[in-house]
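These numbers come from a predicted model, not from an experiment. We name chains A, B, ... by the order of the sequence lines, and we start the count at 1 in each one. We use all heavy atoms of the structure for the numbers below, so side chains are in, but hydrogens, waters and symmetry mates are not.
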Amino acid sequence: MALAKVKMDATEARLASVALPQSPAWAQKAREDALGRLRAAGLPGRRDEYWKFTNPTDLISPEAPEAAVFNAGDESPVFGDIDRLRIVFVDGVFDPDASDDLEMAGVEIDRLGDPAAPDLHWARDLYGVLEARGQTPVARPLATLNTAAAADGVLIRVTGKAPRPISLSYLHSDPASDATLHHVVRVEAGGELTILENGPAAARFNKCMEIDIADGAAFHHVRAQGRDHERRAVTHMFVRLGTESTYKSFTLTANGVMTRNEQVVELTGDNAIAHVAGAALGDGDFHHDDTVFVTHDAINCESRQVFKKVLRNGATGVFQGKILVKPDAQKTDGYQISQALLLDGDSQFLAKPELEIYADDVACSHGSTSGAIDETALFYLRSRGVPTKDAQDLLVLAFLTEAIEEIEDEAIGDDIRSRLEGWLARRRS
Amino acid sequence: MLEIKNLHVSLEEEEKEILKGVDLTVEAGTVHAIMGPNGSGKSTLSYVLSGRGGYEVTEGTATLEGEDVLEMEPEERAAAGLFLAFQYPVEIPGVGNMTFLRTALNAQRKARGEEEISAADFLKLIREKAKALKIDADMLKRPVNVGFSGGEKKRNEILQMAMLEPRMCILDETDSGLDVDAMKLVSEGVNALRDAGRGFLVITHYQRLLDHIKPDVVHIMADGRIVKTGGPELALEVEHNGYAGILAEVA
Ligand SMILES: Nc1ncnc2c1ncn2[C@@H]1O[C@H](COP(=O)(O)OP(=O)(O)OP(=O)(O)O)[C@@H](O)[C@H]1O
Ligand SMILES: [Mg+2]
């Protein structure tokens, strides 16, 4: 079907404002291929079914809408106390001075944007490949744009158990910045790595991460998206899991005028485990969309989706989550929960949970709820002397607990929890 | 200690009067029991005293050591020393029992201008109190009342009472759902708190609890009023003859 003219025009207008990178040589074919796919599919439009709840206009406009740079004052930065290898990008540009040496036992770290980088065969086999796989049955054109346009990102190959997490810090300094980063991670058989991500990155951020987790390997991901109120972000995680491998991802989103986080997870080896979780806190002009697509294509795999949103003052939460169980994926254990806590009558939660199951021996459950604070529990707490606002905060944290518990590392989990407490405390007066 | 005068209470949602002039005074150092048929208003009285929403006080007063409790927020009542052991304790998923108790204890201390309890002192205190009530470490770690059996929930209420040391304790059918041994534990927990400065209002349907917690005064509530007040023998009369005789006599 030919692309509608409006879509074609919007796509060309966007491409006109993008400088397509010319290196490294090994990525060129994938980029050209992506460009072709993008021109065929077109960028998302308001009428697209997959964008029914989220207006893509500001994510596809030629220029990024401006976003004021947020000043967190003397507050300690997230993950600041975690021993980690730090890689810093400012407005999407690698900052070598603020970054650690890209050296760690059991891990090879390169950069997509490093002109001196060697021809990385493993990266060439993945760059744009998992992204392209993730385009069916639903197109994700902003990820395709990312593959075509990303000039930088990290390329990480994990051959052993990484001794400490790698942290990607995305700083924002230019109110008009438009950043695109594309990361590729390959965890070889038996390898283990945790990646931490934090920060707003830019006024508008398009980030794509392709993760290939080989047999018996494990990949953990914890991210805190920046608190800049006006920032916009669209992110994609494309994940492929081998036999007996593990993927766990948790995202904290507090503030941000527009966020679309997509997770495309494919369980291709038996006995693999994938957990994706998120806690989102929105106050006022806040639109947060979690779009998740988990495909079970192997036997006895487990997947969990746990998404919780706390919304007030007209904030909007969106959840589109799907579990697809292919005919041979027997003994699948799939779980999905999406819940919103609406702190007032102005906020809204739009959810579209889906199950599509072609195997007969599976256990899949899903649930979606939205509601106010439990008045009975609130009274119970108050009757024991807990002041109303403390009691409310306690119940908000309790609501988020199931998602936070998906973070395996205790220190990182505590850090995230303290951010949540901070966010609530700042809304006390 | 607690003085209730001509208390009239209606539901906020509908035009229905539930308490129709309750008069009741609990002196410091005494235990009062309230018995009465189902639906007579016992729990309503306990809820109104502790400040639950949904009720409207249309007439009358309730004071705790001279202070008007009906004007206070529920948390202020708690800090002033009022405690209700709920007939149906509430489950709070995601809030650990320990966290809950420490938050409550410190909030009350703060409200009274006292210092917060240290983590170590708190741990010592709760271990000691929990042990007496045969509440194990696992129950302390679990979310408040979630997955607790009926009897465990009731013991947990008494644990809270033991930790918070309120001056005025209201127990709403704390005996229901308790096995014989648990009833003894709970009663011992209550009796341990009995002293000259503390008052108790024990709502129950059964004499059995009152065998353990010996009341000084027994009230019979019917249709939103205290219709008869007497000594411990009144509870025995109810146990043997039910309410018919008493209600006929006061009608
Ligand atoms: N929120 C409410 N809505 C409607 N009716 C109510 C409400 N609260 C109380 N009532 C009614 O008020 C009356 C008194 O109820 P209450 O729970 O106080 O009785 P009780 O004496 O504690 O009974 P029980 O011995 O069964 O516990 C009952 O008829 C009850 O149905
Ligand atoms: Mg009752």
Show the numbers, then the answer: is there a ring-ring contact (aromatic ring centres under 6.0 Å, His included) between A:Phe307 and A:Phe349? CA-CA 12 Å; A:Phe307 288 90; A:Phe349 179 52; over 10 Å; no

Contact winner vs chain A - B:Ala104, B:Ala79, B:Ala111, heavy-atom pairs under 4.5 Å: B:Ala104

Comparing B:Glu73, B:Glu76, B:Arg77, B:Lys110 against chain A, the one with the most heavy-atom pairs below 4.5 Å turns out to be B:Glu73

Identified side-chain hydrogen bond (donor to acceptor under 3.5 Å, both in side chains) partner of A:Thr235 from the options A:Glu197, A:Arg223, A:Glu262: A:Arg223

Taking side-chain hydrogen bond (donor to acceptor under 3.5 Å, both in side chains) as the criterion, tell me which of A:Gln320, A:Gln263, A:Lys309 meets it with A:Asp290. A:Lys309

Looking at chain B, which one of A:Thr388, A:Leu397, A:Asp390, A:Asp374 has the largest number of heavy-atom pairs inside 4.5 Å, strictly under? A:Thr388

Less than 4.0 angstrom from a charged side-chain N to a carboxylate O is my criterion; do B:Arg112 and B:Glu114 meet it? yes

With a 4.5 angstrom heavy-atom cut-off, could you sort out which part of B:Arg52 is near chain A: side chain, backbone, both or neither? both

